[in-house]
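When a ligand or atom number is given, it counts from 1 through the structure's own listing order.
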Amino acid sequence: MELIIYKPSQVLTFENGALKVLSDVDIVIKDGKIAQVKKLSVLPKNIKIISAENCVVLPGFVDSHTHLVFKSLRSKEFFMRLDGISYEQILAQGGGILSTVKEVRETDENELYEIARERILSMLKWGTTTVEIKSGYGLSWKHELKMLRVINRLRKDLKDKITVIATFMGAHAIPPNRSLREYTKELIEVMIPQVSKKKLAQFVDVFCEKFVFPPKQAEKILTTAKKYGLIIKIHADEIENSGGTELAGRLGCISAEHLNYATLTGLRLLKKKQVVCVLLPGTTFFLKSRKKPPVQEMRKLGLPIALASDFNPGTCPIYQMPIIITLGCLLYGLSPQEALCAATINGAKALGLNHKIGLISEGYDADLIILNTSNYKELFFQLGTNLIRSVIKQGRVVLSN
Ligand code: NIG
Ligand code: FE
């Protein structure tokens with residue numbers, strides 16, 4: 001199986017974290033991988049050719065942080081927050097994550113699967129070719145298992161179109177009528193061993209905040225996960241500073257996510273282990289958070305920055321990565337070059353896949369987006385307009401808008 005993407009106006013890739021715009025190359029794809037990125041003097045015969053004249057080609061987006069398995073969006077809370085009630089107050093009243101938990105527990109597996117499947121196909125239309133999905137709306141083994149089964153079914157059924165990565169996030173909130181101590185014990189003694197034994201997820205994540213899982217409990221959960229051979233991630237310092245970033249550095253998480261309240265000490269510890277900073281501007285936007293992640297310091301330290309959607313029913317209804325990269329620039333002060341790198345190769349890094357996806361380079365998977373514009377800068381400016389002409393997954397065109 002061979003394919004040539006012929007005469008694109010621009011091909012975007014990265015070298016040592018810097019954007020490279022190639023303007024006079026074609027892309028040859030063989031067996032699902034990028035075989036050559038160079039100008040072809042003669043076009044070989046009997047090979048499928050896609051003309052990309054006046055188009056931009058870039059790596060497919062890697063959305064490295066989502067919570068997309070749920071039933072309905074919690075629009076009601078958006079209006080409560082506009083009235084001045086905080087995210088934390090809503091959760092304390094049994095709303096927030098806990099109201100999604102109630103709904104997910106009452107919804108049958110097939111229905112959750114169908115709803116999530118539609119969401120993923122919508123993401124594909126906006127150029128996402130790899131998506132991470134966290135469990136965490138079950139909060140009991142029965143219902144976490146149901147969520148993980150849904151995620152793994154999606155992974156298998158959609159693998160020709162999009163790569164789905166599973167993260168176990170039983171530590172997303174304390175379930176009703178359980179204590180922090182009791183539930184942490186169950187996560188450590190029952191759930192994590194099962195996730196590992198049954199190979200239900202590759203990653204484990206914890207919502208580390210003083211009012212959810214404080215660092216002490218988060219540490220117990222994450223060290224257990226590591227012991228069971230799972231790769232660890234953490235939601236750190238999103239709502240307030242609680243030491244989650246420091247913990248991520250000390251334990252050597254693959255990524256630390258949110259980081260709005262991260263301290264310089266925390267970032268220095270991340271640097272020692274090259275932890276990826278996964279930033280989620282869609283959530284900052286929807287929660288009207290005044291505090292932004294310390295991007296300047298991250299940049300100075302040379303920390304890898306990824307951007308992801310955080311698509312979830314309460315704090316971010318945005319699943320379109322092109323919107324996220326624009327928000328990354330507008331809200332966090334990323335340069336467009338940094339934002340593109342963050343949404344592709346650095347997203348791949350946050351999932352341990354940077355040897356395989358996120359670049360247009362020989363040997364990499366041919367996960368590509370073709371844009372209906374000759375200048376990539378339009379992608380940032382035309383917020384809300386879908387500029388994606390086609391999406392290619394492992395060398396096969398899987399979507400044409
Ligand atoms: O990343 N912070 C925790 N989890 C999500 C929100 C989930 C929810 O509110 O349902 C987040 O923002
Ligand atoms: Fe999240």
Counting backbone and side-chain atoms alike, does H258 have an N/O/S atom under 2.8 Å from the Fe ion (ligand 2)?
no
Which ligand 1 atoms are under 4.0 Å away from a heavy-atom of I97?
7 (C), 8 (C), 9 (O), 10 (O)
What are the atoms of ligand 1, with element, lying closer than 4.0 Å to any heavy atom of H67?
1 (O), 4 (N), 5 (C), 11 (C)
Taking only non-hydrogen atoms of H65 and a 4.0 Å limit, the atoms of ligand 1 in range are 1 (O)
Measure the acute angle between the ring planes of H65 and H258, then classify it against the limits of 30° and 60° as parallel, tilted or perpendicular.
perpendicular
Those atoms of ligand 1 less than 4.0 Å from some heavy atom in T315
6 (C), 9 (O), 11 (C), 12 (O)
Does the pair K33/D365 count as a salt bridge with the N-to-O cut at 4.0 Å?
yes
Using a strict cut-off of 4.0 Å, indicate which atoms of ligand 1 neighbour a heavy atom of R74.
8 (C), 9 (O), 10 (O)
Could you tell me which atoms of ligand 1, counted from 1 in the order shown, lie closer than 4.0 angstrom to a heavy atom of Y137?
7 (C), 8 (C), 10 (O)
Please determine, by modelled atom types, if T167 and D205 share a side-chain donor-acceptor pair under 3.5 angstrom.
no
Counting from 1 in the order shown, the ligand 1 atoms closer than 4.0 Å to a non-hydrogen atom of Y87 are 6 (C), 7 (C), 8 (C), 9 (O)
Are any N, O or S atoms from D310 nearer to the Fe ion (ligand 2) than 2.8 Å?
yes
Could you list the atoms of ligand 1 found under 4.0 angstrom from a heavy atom of H172?
3 (C), 4 (N), 5 (C), 7 (C)
For E257 and S255, does a side-chain donor sit closer than 3.5 Å to a side-chain acceptor?
yes
Ring centre gap for F311 and F70 strictly below 6.0 Å
yes
Taking all non-hydrogen atoms of both residues into account, name the closest pair between I325 and A343 and its distance.
CG2-CB, 3.6 Å
